[in-house]
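One structure is given below, encoded as structure tokens.
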Number of protein chains: 4
Amino acid sequence: MRSVKKESRREQILSCAARIFAKKGYHATSISDICKRSDVARGTIYLYFKNKRDIFDTLIKNFTGDIFRRISVFTPGEALQPQFNRNMCAVVDIITQNKDLTKIMVSEAVGLDAEFDHQLILFYARLVEYVEGALTMLQKNGDISKHVNVRLLAYALVGAIKEIAYQWALDGGNVLDMDPLIKTARQFNIQNFIAFTGES
Amino acid sequence: MRSVKKESRREQILSCAARIFAKKGYHATSISDICKRSDVARGTIYLYFKNKRDIFDTLIKNFTGDIFRRISVFTPGEALQPQFNRNMCAVVDIITQNKDLTKIMVSEAVGLDAEFDHQLILFYARLVEYVEGALTMLQKNGDISKHVNVRLLAYALVGAIKEIAYQWALDGGNVLDMDPLIKTARQFNIQNFIAFTGES
Amino acid sequence: MRSVKKESRREQILSCAARIFAKKGYHATSISDICKRSDVARGTIYLYFKNKRDIFDTLIKNFTGDIFRRISVFTPGEALQPQFNRNMCAVVDIITQNKDLTKIMVSEAVGLDAEFDHQLILFYARLVEYVEGALTMLQKNGDISKHVNVRLLAYALVGAIKEIAYQWALDGGNVLDMDPLIKTARQFNIQNFIAFTGES
Amino acid sequence: MRSVKKESRREQILSCAARIFAKKGYHATSISDICKRSDVARGTIYLYFKNKRDIFDTLIKNFTGDIFRRISVFTPGEALQPQFNRNMCAVVDIITQNKDLTKIMVSEAVGLDAEFDHQLILFYARLVEYVEGALTMLQKNGDISKHVNVRLLAYALVGAIKEIAYQWALDGGNVLDMDPLIKTARQFNIQNFIAFTGES
DNA sequence: CATGAATGAGGTTTCATTCAT
DNA sequence: AATGAATGAAACCTCATTCAT
């Protein structure tokens, strides 16, 4: 039972930290803020985390880990479109269920410091690589013109999703709700998207 | 002529600050760093700027101001496509000519604090509004299906450009160069892009 | 028998603490360190000792108590030299058998804080008093010139022993071993030592 | 003139710190204490010193530096006794003129931490080496029996001086005053001291 | 007796900003 | 206009001690 309690304390700190990081940003969030919100003493935080940065890293790692656990690599034989849609839906699912973490990932985490930037870059690089892989398969099949720059296309797709997630997570007067995106994700048509950057 | 000298001093501080902000991020950049690089005493900085934040704000304002000065609103009668392309080229021009500021805009500035987030949101909102306006015109003309969510489409386009600019500005082993984007910008075909999110 | 077990637990904590205090010093030694080494929970320590300082005080008191228990006051009739030598040997014995405590006494304990300094001063004062007493007896007997400052002489003797014990306890590459000192202690000749500070 | 002022500020901090370190010990002395006493703001301290430890190190280095600057190596041809006495007097001079630093050297500094202990050991090792060198010369000349352990003798001499300096610096009710020691230093007779540890 | 999770006072250090020169 | 020494608020983090189990 103790381990359960310990786990819950840790989780409690994490979720409160996520809320505040999302709201105020990493630097503007003080350990005090996290203490107050999670109703925990200063020292207690340091029983579960090495330092403020460790809390942040843990949040990001959990989130990115979730993303990659839910994305499945392409099965060569199977049709590409439904696989792609399944993965899109998975990502959109995780995003919509973790608004705080999404906000952190797309805004608070950016430009934190050189070391963290590196981690973030690796994450997106992996994501882009995944998309690029799928597009390359299509290009080989002749579904995409050989003149299309698939890497650029992959960045564009990831960027488009990031921006929409960002706007949604901002919560700025509910400018945007996620429903259209969710629908879009389910019906997403690669062929259409390919046309985006056109042929070069 | 004194004012010229003063202006140049101011410019000198600004460009040095831009370089360091781009490299280390807002928080990791100290006033000391800016002093050393611009070869100016600490107190002098405060003759030209209210505080550290003021330097940053000025940089951002200059950059976003440049962007909007170069974008021209649509002339109703004229064909949409060439107008759109001219604007795209203008934006890409500014981006490629100000790598430091681009980096700051797309990464250091994000998640800085609640107040700044607001400014950034306004900037992108204005950009999105511009794009949305253009798309709406097309939709009215019947060029775009009435089922397309033009706002979502606008976010997607802005996000795609942001991500590509971000990757380029990161300078991470020169993964990306701007040339293809520049070309794409010149040949950008709205009709193709519309297909992106498909019909909903 | 419970008391035996309790006693052994107490002793266990004490000896582990002595080892760590000797190695790392009072301030650098944390309660955690003592817990880990003595395989006892944090709270348990506070069943046997009031606080960290109490552990330290106990160690010092045990050591200084041992010293004084083994030193016998001078029997007036008996010859001074053999009595002095017996006491010297006793002290050297305790020192050589408790390297950790010796280290603590001569280095970690010094300058701990104002209150503890007082205790330490009292201990050395008592030691010096003992030596001074012996020397005074000799002086009265006419064995020492009346011009000799016996208190200074006493300090010198105690200081000499302390320094040698300190160097031995430091363990720095075994610069020194205790054997010569032990031999010297057995053959120590007061008359010779008297010459140390000379006549004033 | 500025450099003079700066130097004086530094000196001011150093002397105040010495006073407090001597009184309360290194760990019990807080940066706040030093600020209050030297009437300087917290941050100012860090303009002149890297951290608290740096202040302490500087004090110790100044003191030990002074000692070695005032000790002159033996000139082979010249008589040993007057040279030895001159050096003794020099050391006693520095000690008597820097009570705070003496207290720090002989008590606060001992057992501070492993790294500092090393520095202290090196200092005393150098001092002992100096004394040992002198004694060895005498031993070669046949002035000291070949059976005498000169290293032990050297430790004893250094220890005796340390202890006397310690007792003097403690200030505990003026138990001791330095005058006798100063006199002794001037008249110090090596030949007499040699008898201290006797022959082994 | 024993535990170890929780506490929170208190320390060091940083750095944007000021102001006398 | 320019300087840079001085400031002090505010942050992070440690660790001796407590107390419910």
Side-chain angles (χ1 to χ4, degrees), chain A residues 1-3 5-6 8-10 13 27-35 38-55, chain B residues 2-3 5-6 9-10 26-36 39-55, chain C residues 2-3 5-6 9-10 26-36 39-55, chain D residues 1-3 5-6 8-10 13 27-35 38-55:
Chain A
M1 289 305 129
R2 247 182 310 114
S3 76
K5 193 165 186 187
K6 177 168 177 177
S8 74
R9 188 70 116 168
R10 216 183 117 94
I13 294 170
H27 285 104
T29 299
S30 73
I31 293 288
S32 273
D33 291 333
I34 300 175
C35 291
S38 52
D39 199 37
V40 147
R42 276 217 144 90
T44 307
I45 301 249
Y46 292 88
L47 291 178
Y48 297 95
F49 301 95
K50 219 172 68 238
N51 48 36
K52 180 180 163 182
R53 179 58 178 274
D54 188 26
I55 303 173
Chain B
R2 245 187 315 117
S3 77
K5 194 168 187 185
K6 176 167 176 177
R9 187 73 114 161
R10 216 182 115 92
Y26 179 81
H27 285 102
T29 297
S30 70
I31 293 288
S32 265
D33 291 332
I34 299 174
C35 290
K36 261 176 241 150
D39 203 35
V40 150
R42 305 187 83 131
T44 307
I45 299 236
Y46 289 85
L47 294 176
Y48 297 95
F49 300 94
K50 213 172 75 237
N51 49 34
K52 180 181 168 184
R53 178 60 177 273
D54 188 27
I55 303 173
Chain C
R2 246 187 313 117
S3 76
K5 193 166 186 189
K6 176 167 176 179
R9 187 73 115 165
R10 217 183 114 93
Y26 179 80
H27 285 101
T29 298
S30 70
I31 293 287
S32 263
D33 291 333
I34 300 174
C35 290
K36 262 177 238 150
D39 202 35
V40 151
R42 305 190 84 131
T44 308
I45 300 235
Y46 290 85
L47 294 177
Y48 297 95
F49 301 95
K50 215 172 72 234
N51 50 34
K52 180 182 170 183
R53 180 57 178 275
D54 188 27
I55 304 174
Chain D
M1 289 304 130
R2 248 182 312 113
S3 77
K5 192 166 188 186
K6 177 167 176 175
S8 73
R9 189 69 116 166
R10 215 183 116 94
I13 293 169
H27 286 103
T29 298
S30 73
I31 293 288
S32 273
D33 292 333
I34 300 175
C35 291
S38 52
D39 201 36
V40 147
R42 281 211 138 96
T44 307
I45 301 248
Y46 291 87
L47 291 178
Y48 297 95
F49 301 95
K50 219 173 65 238
N51 48 35
K52 180 180 165 185
R53 179 58 177 275
D54 188 27
I55 304 174

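Numbered from 1 within each chain, the chains take letters A, B, ... in sequence-line order.
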Find the distance Asp39(B):CG to dA1(F):C1' and express it as a whole number of Å.
-> 16 Å
Mind calculating the distance between CD1 (Ile45(A)) and P (dA5(E)) to the nearest angstrom?
-> 16 Å
Can you check each nucleotide of nucleotides 10-18 of chain E against protein heavy atoms at under 4.0 Å and return B for base, S for sugar-phosphate only, - for none, in 5' to 3' order?
-> --BBBBBBB
Among pairs that include at least one residue of residues 41-52 of chain D, which meet salt bridge (charged side-chain N to carboxylate O under 4.0 Å, His left out), considering only residues two or more places apart or in two chains?
-> none
When you check the phosphate oxygens OP1 and OP2 of dA5(F), does a side-chain N or O of Tyr48(D) lie under 4.0 Å from one of them?
-> no
Spacing of Phe49(A) atom CZ relative to dT14(F) atom P, expressed in whole Å | 15 Å
Shortest non-hydrogen contact from Phe49(A) to Arg10(A)?
-> CE2-NH1, 3.8 Å
If you look at every heavy atom in Asp39(B) and Arg9(B), which pair is closest and at what distance?
-> O-NH1, 4.0 Å
Between atom CD1 of Ile34(A) and atom CD1 of Ile45(A), what is the distance when rounded to the nearest 0.5 Å?
-> 5.5 Å
Arg9(B) side chain near dA1(F) phosphate (N/O to OP1/OP2, under 4.0 Å) | no
Shortest non-hydrogen contact from Tyr46(C) to Asn51(C)?
-> CE2-CA, 3.9 Å
In dot-bracket notation, what is the pairing pattern of DNA chain F, taking Watson-Crick (N1-N3 plus N6-O4 or O6-N4) and G-U wobble (N1-O2 and O6-N3) contacts under 3.5 Å, with [ ] crossing and | for other strands?
-> .||||||||||||||||||||
Figure out the NZ/C1' separation between Lys36(C) and dT3(E), and round it to whole Å.
-> 16 Å
Separation of Ile13(D) CD1 from Thr44(D) OG1 (nearest 0.5 Å) = 7.0 Å
Mind checking what makes ring pair (Phe, Tyr, Trp, His ring centres under 6.0 Å) contact with Tyr26(C), not counting sequence neighbours?
-> Phe21(C), Phe56(C)
Is a donor on one side and an acceptor on the other found under 3.5 Å between the side chain of Asp33(A) and the backbone of Ser30(A)?
-> yes
